[in-house]
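Atoms within a ligand are numbered from 1 in the order they appear, just like the ligands themselves. What you see is a predicted model; the values in this text were computed from it and never measured.
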Amino acid sequence: MAFATKFIFVTGGVLSSLGKGLASAAIGALLESRGLTITLQKLDPYINVDPGTMNPFQHGEVFVTDDGAETDLDLGHYERFTHAKLGRNNNFTTGKIYHSVITKERRGDYLGGTVQVIPHITDEIKKSILSVVDSVDVVIVEVGGTIGDIESLPFQEAIRQFRTDVGKDNVLYVHVTFVPYIVAAGEVKTKPTQHSVKELRSIGIQPDILLCRTDRFLSKEIKAKIGLFCNVDVDQVITAKDVETIYEVPLVFHQEHLDDKIIALLNIWTRAPKLKGWERLVEKLKNPKSSVTIAIVGKYIHLRESYKSLNEALCHGGIANDCKVNLDFVDSETIDDSNCRERMAGADGILVPGGFGTRGIEGKIRAIRFAREERIPFFGICLGMQMAVVEYARHVAGMDGAHSTEFDKDTPFSVIYLMTEWFDYKSEQIQKRDITSDKGGTMRLGAYPCIPKKGSVAYRAYGKKEISERHRHRYEFNNAFKEKLEEAGLVISGISPDGQLVEIVEIADHPWFLGCQFHPEFKSRPMNPHPLFVSFIESALVYKNQRTIDL
Ligand code: GLN
């Protein structure tokens, strides 16, 4: 079989959290900088069909793609580092693979055969990999988990077979491993890497490139030692040194000649890499002219992974303003009337992010009230927008006890509610849902169009007549209260093209107060920061400077 597309498989050894996702994204960025077209895919060994139902405390953020897939947070890195257009085929889990094999088996597709891991599961995995080829030059596939895990074995077997299927010259195996510096010995240790590669070779995969995660550049001698024990050429042993900012990773890899090696091994000819953009970005990140502090009032504050895209989007908003953004995570459960001022002291902007569940809801509403009354820039995202509407209804529009029916089914003013019937643009069908619907499948997910209102903060920020943003929620603004809230001064500044769904709200008489039903953080890029985050950080800077003058 002749194959034009090349494949890079990225596996991980020794331990998790070595930055395999970032490494894959950075490889993508480097190849793009040489003029190649690429895409990325993540294969996850867990049995959930997708991470949509997983607790963010355990799994980190659920990243949503334009086509409405709930995916692993590594896809966020891929989108932020590259121009790849990702969708549901860019993330497969063991659960999703088995689900389709079992569906086929029930349908009788296997014609009475015994259905087995090899070849049926491995064939399904290989088919999934091929589903993203499209017309790109290189497909980068990251295999989740660590070599040696039982559950990732079928994926490893599939990628082993893959090289034979598409030809030796078309496949490259990159193994990310750990080379720790042991203080007591005063040297770096290569044994964990040797063991991990031994494990990989025992299942038939000889890595071509080793990306060694470490806190210092590895000497020629150490690289030679690793190369000797792992059967890898010394110049294919690459130092993946710790960095100050994640956006430095492509530059550090390039310095180690990783992209030169990859194209040589895959036998591809490209132009020289253009890395000016990345260099300028890192330069800006390392030398900010000012700083602001944003209080993030949420529930998952102990695990920064849960707000990955949000943290990055805030950082991007800072880049556009030459400003470092410090994040102050405040547990909403601990905020009440008595301590709100003290907890928010030092915040130049307040942000309430998306979330699920009752815990800490009143604390979020308290923080929003504080931002509104004290005229501090406020950004509410999804649940944050919904609670901004609740706060306004309760304390400005005179709707005492107003709430979202998610948290109070008997509220006298259900300003946020479950829309049981709505027209879905994507399927062009009426969608129905109620509280008994499946947890996995009833959300409004993925990209939806929105029309910002002329003259609003949103309109000025976007500078566009129509925008598209990604959603992930069940509850919506209740149009029954629209008039009353507008009369009380709430500005509905973004609606769906048919006028049925309220997507953005603002307060006119406030320096910067905006809530959006969608998640703008998913579409922010370091080189193309999201307009709402740019505008929010700008207003936080103005607020900070004003405050300093007032003092
Ligand atoms: N829990 C809310 C809803 O389902 C908000 C969800 C979110 O913030 N992503 O509508």
Q | Close-contact set for ligand 1 against C382 heavy atoms, below 4.0 Å | A |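 So the atoms of ligand 1 that pass are 5 (C), 6 (C), 7 (C), 8 (O), 9 (N).
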(Q) Could you tell me, atom by atom, which parts of ligand 1 come under 4.0 Å of a heavy atom of G354? (A)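 Ligand 1 atoms under the 4.0 Å threshold to G354: 8 (O).
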Q | Residue part near ligand 1, for H473, under 4.0 Å between non-hydrogen atoms | A |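 The answer is both, backbone and side chain.
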Q | Quiz item: cation-pi between R547 and Y543, 6.0 Å / 45° | A |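 The answer is no; the distance or angle limit is not met.
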Q.
Whether K96 engages the ring of F92 as a cation-pi pair (distance to the six-membered ring centre under 6.0 angstrom, angle to the ring normal within 45°) should be assessed.
A.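 Output yes; distance and angle both within limits.
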How far is [atom] from its nearest protein heavy atom, and which residue and atom is that?
| atom | result |
| --- | --- |
| atom 3 (C) of ligand 1 | R474 N, 3.5 Å |
| atom 9 (N) of ligand 1 | R472 O, 2.8 Å |
| atom 8 (O) of ligand 1 | G355 N, 2.9 Å |

(Q) Please verify the inter-ring angle class for H403 with F407; under 30° counts as parallel, over 60° as perpendicular, anything in between as tilted. (A)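 Correct class here is tilted.
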Q) Under 30°, 30 to 60°, or over 60°: which ring-plane class applies to F329 and Y307, parallel, tilted or perpendicular? A)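 Answer is parallel, since the angle falls under 30°.
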May I ask you to check whether [X] and [Y] place their ring centers less than 6.0 Å from one another?
| X | Y | value |
| --- | --- | --- |
| H530 | Y462 | yes |
| F81 | Y247 | yes |
| F536 | W512 | yes |

Q.
Tell me whether ligand 1 is touched by Q386 - counting only heavy atoms on the residue side and a distance under 4.0 Å.
A.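 Contact check Q386 vs ligand 1: positive.
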Q | Polar proximity ligand 1 side, F356 side, N/O cut 3.5 Å exclusive | A |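 For ligand 1, there is no N or O atom that lies under 3.5 Å from one belonging to F356.
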Q | Nearest neighbour of atom 10 (O) of ligand 1 from the list F407, Y417, Y475, on a heavy-atom basis | A |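 When every heavy atom of F407, Y417, Y475 is considered, Y475 comes closest to atom 10 (O) of ligand 1.
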Q) Quick one: which of H471, H519, E406 has a heavy atom closest to atom 2 (C) of ligand 1? A)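 Result: the heavy atom closest to atom 2 (C) of ligand 1 is in E406.
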